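Note that the structure is predicted; figures quoted are calculated from it, not measured. In each ligand, atom 1 is the first atom listed, and ligand 1 is the first ligand listed.
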Amino acid sequence: MRAIIARERGVGVGDLVLEDRPYPYAAENDVVVRVHAAGFTPGELEWPGTWTDRAGHDRAPAIPGHELSGVVAELGYGTTGLTVGQRVFGLTDWARDGSLAEFTAVEARNLAALPAGIDHTVAAALPISGLTAWQGLFDHARLTTGQTVLITGAAGAVGSIAVQLAREAGAVVIGAGRARDREVVLDLGAQDFVDLDTKDVREAGDVDVVFDVIGGEVLAGAAELVRPGGTLVSVAMPPDVRPKDGRALFFVVEPDRVRLADLARRVSDGRLRPLVGAVRPLSETADACVRTSSVIGKTIIVP
Ligand SMILES: NC(=O)c1ccc[n+]([C@@H]2O[C@H](COP(=O)([O-])OP(=O)(O)OC[C@H]3O[C@@H](n4cnc5c(N)ncnc54)[C@H](OP(=O)(O)O)[C@@H]3O)[C@@H](O)[C@H]2O)c1
């Protein structure tokens, strides 16, 4: 099968290459999925699981990409709950070869059924971003109706879904990001926007929750805004700063079939709109990922 390869630790997205690789093995409780659309998340090439398996052993070269939409091609030994030919979408395992390939093996429990009306290119933009946004806002930060949340990188893949979910939950939403992103973020439902190209994030004012996808100085500044008892969640990096009287945490998104189904329902109902940017073939993955900065919306690769 054709797949995208990251050869060794330290390579950048521009070094991703197309190669022939063996068809994947479906272990117990796995399925092999024929990938119809896949997402690549910025930062993946630095994630530990890209380079080491669960025993900590080197597993290079790696096939990146950890979210997909496709069709079940094969069941592993003892796998139940999904059937061959079924449309599915979800996460692939961090420490195994991923979704930038014609086929990938994945634990069946990481996937959910894809409703008929949702296109594969839209579904592939949902698993990592949707689950990360949900878990960050509601499981970790415990955001509730009437609270104020500041979402950084608000036009990005994770941020744009976080804005929509927070707004629907009845929160007051302040987005922060590049100047060019203002209209997009307000259109998604944010009530206010801080242009980080010209302003300091502290101009957002006090908030109950910060949901950060940028890290660094933006994260440090945003930590100062958290009201007593509030929470700062970053998915970019473990915070080395803490609100004066609040919690600060980092987490890695977990698979959740039930929540995936809920997110898909919201898309079907028109209540949630994943932003899809460029849709490019597998052979153009490196170029597509290098260019993500100039394109609003998640870059989707179609094998
Ligand atoms: N821990 C987890 O489980 C988890 C899960 C998903 C994602 N992540 C991480 O979360 C981060 C965001 O992922 P994503 O898929 O949402 O990426 P994305 O689509 O590239 O979104 C990031 C957004 O933030 C903006 N941005 C970045 N730096 C900025 C700065 N200094 N000032 C203003 N805007 C800035 C980006 O604009 P430009 O493109 O113009 O820079 C983009 O709009 C990545 O680091 C990713 O690895 C972690």
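Proximity of Val106 to Val31: side-chain heavy atoms (C-beta onward) are separated by under 4.5 Å at one or more points. The shortest side-chain heavy-atom distance between Thr41 and Lys298 falls under the 4.5 Å cut-off. Proximity of Leu165 to Phe138: side-chain heavy atoms (C-beta onward) are separated by under 4.5 Å at one or more points. Side-chain contact between Arg2 and Asp20 is present, with at least one heavy-atom pair separated by less than 4.5 Å. In this structure the side chain of Tyr25 never reaches within 4.5 angstrom of the side chain of Asp30, judged on heavy atoms. Counting heavy atoms from C-beta on, the side chains of Val233 and Val210 never come closer than 4.5 Å. Residues Phe40 and Ile301 form no side-chain contact, since every pair of their non-hydrogen atoms from C-beta on lies 4.5 Å or further apart.
Those atoms of ligand 1 that come under 4.0 Å of a heavy atom in Val253, given as number and element, are 2 (C), 3 (O). Heavy-atom proximity to Pro42, at under 4.0 Å, picks out these atoms of ligand 1: 15 (O), 17 (O), 20 (O), 44 (C), 45 (O), 46 (C), 47 (O). Every atom of ligand 1 with a heavy atom of Val213 under 4.0 Å away is listed here by number and element: 11 (C), 12 (C). With ligand atoms numbered from 1 in the order given, ligand 1 contributes 6 (C), 7 (C), 14 (P), 16 (O) to contacts under 4.0 Å with heavy atoms of Val158. Near Ala157, meaning under 4.0 Å from one of its heavy atoms, ligand 1 places the atoms 15 (O), 16 (O), 18 (P), 19 (O), 21 (O). For ligand 1, the atoms lying closer than 4.0 Å to a non-hydrogen atom of Ile128 are 5 (C), 6 (C). Interface of Val252 with ligand 1, defined as ligand atoms under 4.0 Å from a residue heavy atom, comprises 1 (N), 3 (O).
Considering backbone and side-chain atoms alike, Val218 places every N or O at 3.5 Å or more from each N or O of ligand 1. Close N/O approach between Phe251 and ligand 1 is found [any backbone or side-chain N/O within under 3.5 Å]. At a 3.5 angstrom cut-off on N or O pairs, Gly153 does not count as close to ligand 1. Between Ile214 and ligand 1, not a single N/O pair is under 3.5 Å apart. On a distance-only criterion, Arg178 and ligand 1 share at least one N/O pair closer than 3.5 Å.
A distance-only check finds a donor-acceptor pair linking the side chain of Asp53 to the backbone of His57 [under 3.5 Å].
Only the side chain of Leu196 comes within 4.0 Å of ligand 1, counting heavy atoms alone; its backbone N, CA, C and O stay farther away.
The closest approach between Arg180 and ligand 1 falls below 4.0 Å for a heavy atom of the residue.
For the residues Leu91, Val233, Thr132, the heavy atom positioned nearest atom 5 (C) of ligand 1 is part of Thr132.
Ring geometry for His36 against His120 counts as tilted: the plane angle lies between 30° and 60°, on a 0 to 90° scale.
Using a 4.5 Å cut-off between side-chain heavy atoms of Ile, Leu, Val, Met, Phe, Trp and Tyr, with links allowed through other members, Val35 and Trp94 fall into different hydrophobic clusters.
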